[in-house]
Structure formats: C-alpha cells, structure tokens
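So the structure is just underneath, and the comments pick up after that.
In what follows, chains carry the letters A, B, and so on, assigned in the order in which the sequence lines appear, proteins first and then strands, with residues in each chain numbered from 1.
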Protein chains: 2
Amino acid sequence: MRRRQIAEAMWRVTVARSLEGTSMRHVAAEAGVSVGMMQHYFRTKDEMLLFALDSMTEQVSRRIGERFAELADPDDPKHQVRAALVETLPLDEERRLEAFVGCAFLTRAAVDTRFADYLRDGHRQGHAYLVEQINRGGRPCDAAEEAHVLLALVNGFTLGVLAGQCTAQQALAAVEARLDALFGP
Amino acid sequence: MRRRQIAEAMWRVTVARSLEGTSMRHVAAEAGVSVGMMQHYFRTKDEMLLFALDSMTEQVSRRIGERFAELADPDDPKHQVRAALVETLPLDEERRLEAFVGCAFLTRAAVDTRFADYLRDGHRQGHAYLVEQINRGGRPCDAAEEAHVLLALVNGFTLGVLAGQCTAQQALAAVEARLDALFGP
DNA sequence: ACTGTTCCAATACGTCTGTATCGTACTGAA
DNA sequence: TTCAGTACGATACAGACGTATTGGAACAGT
C-alpha cells in the first residue's frame, strides 16, 4: 500500500528532523516518490500526518497482540500489562523510532486539537484497559489513579530515555518495580 | 529590559501557535516591536529561542527559591522537594504556560543538540538535587532510581495534563503519594 | 560642531512551504 | 475503439520564513 509506504517515510523524516521539519518534499524524497503522488493519496498534509499517526498506533497494538499470544499464561493480568507497557518503551531501535514519533505527536497535540482528540482516545482506551487488569489481579488500591501513574511513568521515562537523561534499562526497572508493587512480585 | 520583553512575547506565541509556528514576525507583533529591533537584540532566531528558554528556567527556579523561603521548616527535605516539584506542575495558567513552552523546547531538543545539551544539564541538576534530598530525609532506598522515577512522574503527568488526558489535581495527588512513599506521611 | 556608536524601522532577497493546476500515461468497461 | 476514471509527474503560485541591507534618529565623546 502506497499510503503505508509514505507513512513509514514520514516517521523516518520526523526522527531525523522532528515534526516541524517534516515537509511534504522531504517525506516524498525519503519515500522515493514525487510530491504529486503524495497529493494523490493525501489531499492535505494534516491528512497525511493523521494517517501516519494512526498507522503507527495500529502497528504497536498489533505487536502487543502478538506478545499476548506468546505469554505462557495469557490470562495473567500482571504479565499482560507488563507485555503491553514494555512494548511501548524505547528498548530497541524500532521502538525508539515509534516512541520518538509518538512524542512528536504528543507535543503537537498540546496545540492542535485534532491530534489531541486522537491521542486522548488512545489514552482513554489504555487507561480503561489498565484499570480492568489492576482490578482483576492487583492488590486493593485506587485502580484509576494507579493506571494514570503507570501511564505517566511510561511516558515520562520514554521522554527521559529519548532525551538521553536515563537509560532504557532504568526505565524498564522502574516500570517493573511499579508492577511488582501493584500486582505483587 | 527589551530582551526579556521579547522573550515573554515568544512564550505567548509559542503557547498559541507552538514552536513551529513561532516566527520572528509573530513574536515581534506580539511584543509590539519591529522585526528590526528584535534583530538588534538577537542576531539570529536561535539566539532568541535560547534566551527565551534560559529566561524561563531562571524564572521558575527563582520562584522555587521563593517557595523555599516560605516554608515553615526550610530544611525539611520532603517539603522542599514537594515545593520544587509542585512548582513545575501545570497547576495554574502561569505554570501551564511554562510547562507548555518547556515541552515545545523538549521536542526541539530532539533535533538540535544545543537545546538538548541545555535541557540535559537542567535535568542532571534536578536529579542531583533530588538524590541529595532523598538521601537526607527519605527512607532507605535507591535514591538515584527514585529520583528518576520522580522526574519521570512529573514529566509524564505534565504531558498528560497538557494533552488533556488527566487533571492537574490527579497529577498533584500522584506526586504527593509518591513523596509520602519516599519520605513517610 | 564634528564624529562615531547605539538603537531602531523599513524593506528587499532568496529559500522553503503547502497546495493548485495541468498534462500524461494506463486501465477496464461499453 | 471510445471513453471515463485512476494514478501519477512536473510545474506554478502565493505566501511565510530568516536574515541582510539600508537609512535615519538619538546620543556620547572629543
């Protein structure tokens, strides 16, 4: 699919030049296509950006589903949550790219309500899922608040790792420590 | 000071239009001055951006110092840390503006090493300060790791509040819960 | 009074942006 | 074979961008 090919080029350009440096011409050059072709598949730049974001969240959630299927006990809440959260941390080069693009869109969301709405939806779903799992297998606590803490922790550490302020291993250790506190060791 | 006046205009423009929308002409219009005058005080745009960032971090740390002076027990580590962290959360409109501008620069740092170096320095100082306070008044723990957790928590919740994913009160409650866990209630 | 410097406004220049437009292959149906 | 529609490439266009240039007040030093 051409749209997907363009979206992946957009990710790479965003990593190299950040969102503000991501122009139509740069994406087209990175994808090895003409600007005219991009206009054929995306009527406007925003349409392309939103597709690139959507395409990426889809890729991440598909991968999380794969991890779920690989679990020894697919119904264990702690291992499910662990698999889901770890899959979003920038632990290798591929996930680092995804995290970077995600952060770029997140800051964009602070200004542009269209992106904010999209990300808010995703956040809500993630939060609801975490609440469900915490209630199912966690120690007694305020599941809604703990879910927010988990998400903030993952986002904060992702940012920290990307900015070179701490290592991915530190992030992983902190998230796992929090999971131990929630679900038991 | 003219430079300060321009910097404050730059903050407002960044909040309204994000960093990519922050042009010389817009900042000049917001500050009520001519582009030529801005060029007189800042030879290039990057010079202006770096001054605006520096000026803002200075403002925040000055305000943190004021909070320290207002503490009943200025030497209590927990209340000091609490004051410092709370002062960076987007709890009111002024701090929301600062947090917003900080996030904008954070994405810039992903591409431009000058901004990355500046922010990394600030993070290192904040981390060192937290480690010191945790060691001084906290329960026995890995102070370095706990400091990273605190910073990630503040950053993650700041982002979440700005993107409309959770409320400032939730962020505050989570940070205070973490402080209770670290220092005792 | 002359001169140099600082402060600032106006404007011009070249580049980059998103997008509109035009032209041209190719495809499948009638 | 004709024709409509799709899938592009090439180019044009208007505007915004950062910055260089120019020129003129205001002021200081001599």
Proximity to the side chain of B:H40 - top-ranked nucleotide from D:dA10, D:dT19, C:dC8: C:dC8
For atom CD of A:E47 and atom P of C:dG18, their distance in whole Å: 15 Å
Integer-rounded Å distance: D:dC17 C1' and B:M38 CE: 13 Å
Which nucleotide in C:dG18, D:dG18, C:dA10 has an atom nearest any side-chain atom of B:K45: D:dG18
A:R95/A:D92 ion pair, N-O < 4.0 Å: yes
Other cluster members, A:L91 - Ile/Leu/Val/Met/Phe/Trp/Tyr, side-chain contacts below 4.5 Å: A:V60, A:I64, A:F68, A:L71, A:V81, A:L85, A:V86, A:L89, A:Y129, A:L130, A:I134, A:L150, A:L151, A:V154, A:L172, A:V175, A:L179, A:L182, A:F183
Sugar-phosphate only, base, or nothing, as touched by A:V33 at under 4.0 Å among non-hydrogen atoms: nothing
Nearest-nucleotide comparison on DNA chain D, the residue closer to the 5′ end among A:Q39 and B:D46: A:Q39
Minimum-distance nucleotide (side-chain atoms of A:M37 versus C:dC8, D:dG9, D:dT19): D:dG9
Nucleotide D:dA7, atom C1' - distance to CD1 of A:I6 in whole Å: 12 Å
Between C:dC7 (C1') and B:M1 (CE): distance, integer Å: 14 Å
Salt-bridge contact B:R62-B:E58 (side-chain N to carboxylate O under 4.0 Å): no
Side-chain N,O (B:R43) to OP1/OP2 (D:dG18) below 4.0 Å: no
Pairing of A:E20 and A:R108 as salt bridge, 4.0 angstrom limit: no
Within residues 15-28 of chain A: residues closer than 4.0 Å to DNA chain C (heavy atoms): A:T22, A:S23, A:M24, A:R25, A:H26
Side-chain donor/acceptor pairs under 3.5 Å, residues 42-51 of chain A, sequence neighbours excluded:
residue	atom	partner	partner atom	Å
A:T44	OG1	A:D46	N	3.1
A:T44	OG1	A:E47	N	3.3
A:K45	NZ	A:T22	O	2.9

Short side-chain donor-acceptor distance under 3.5 Å, B:Q125 and B:R120: no
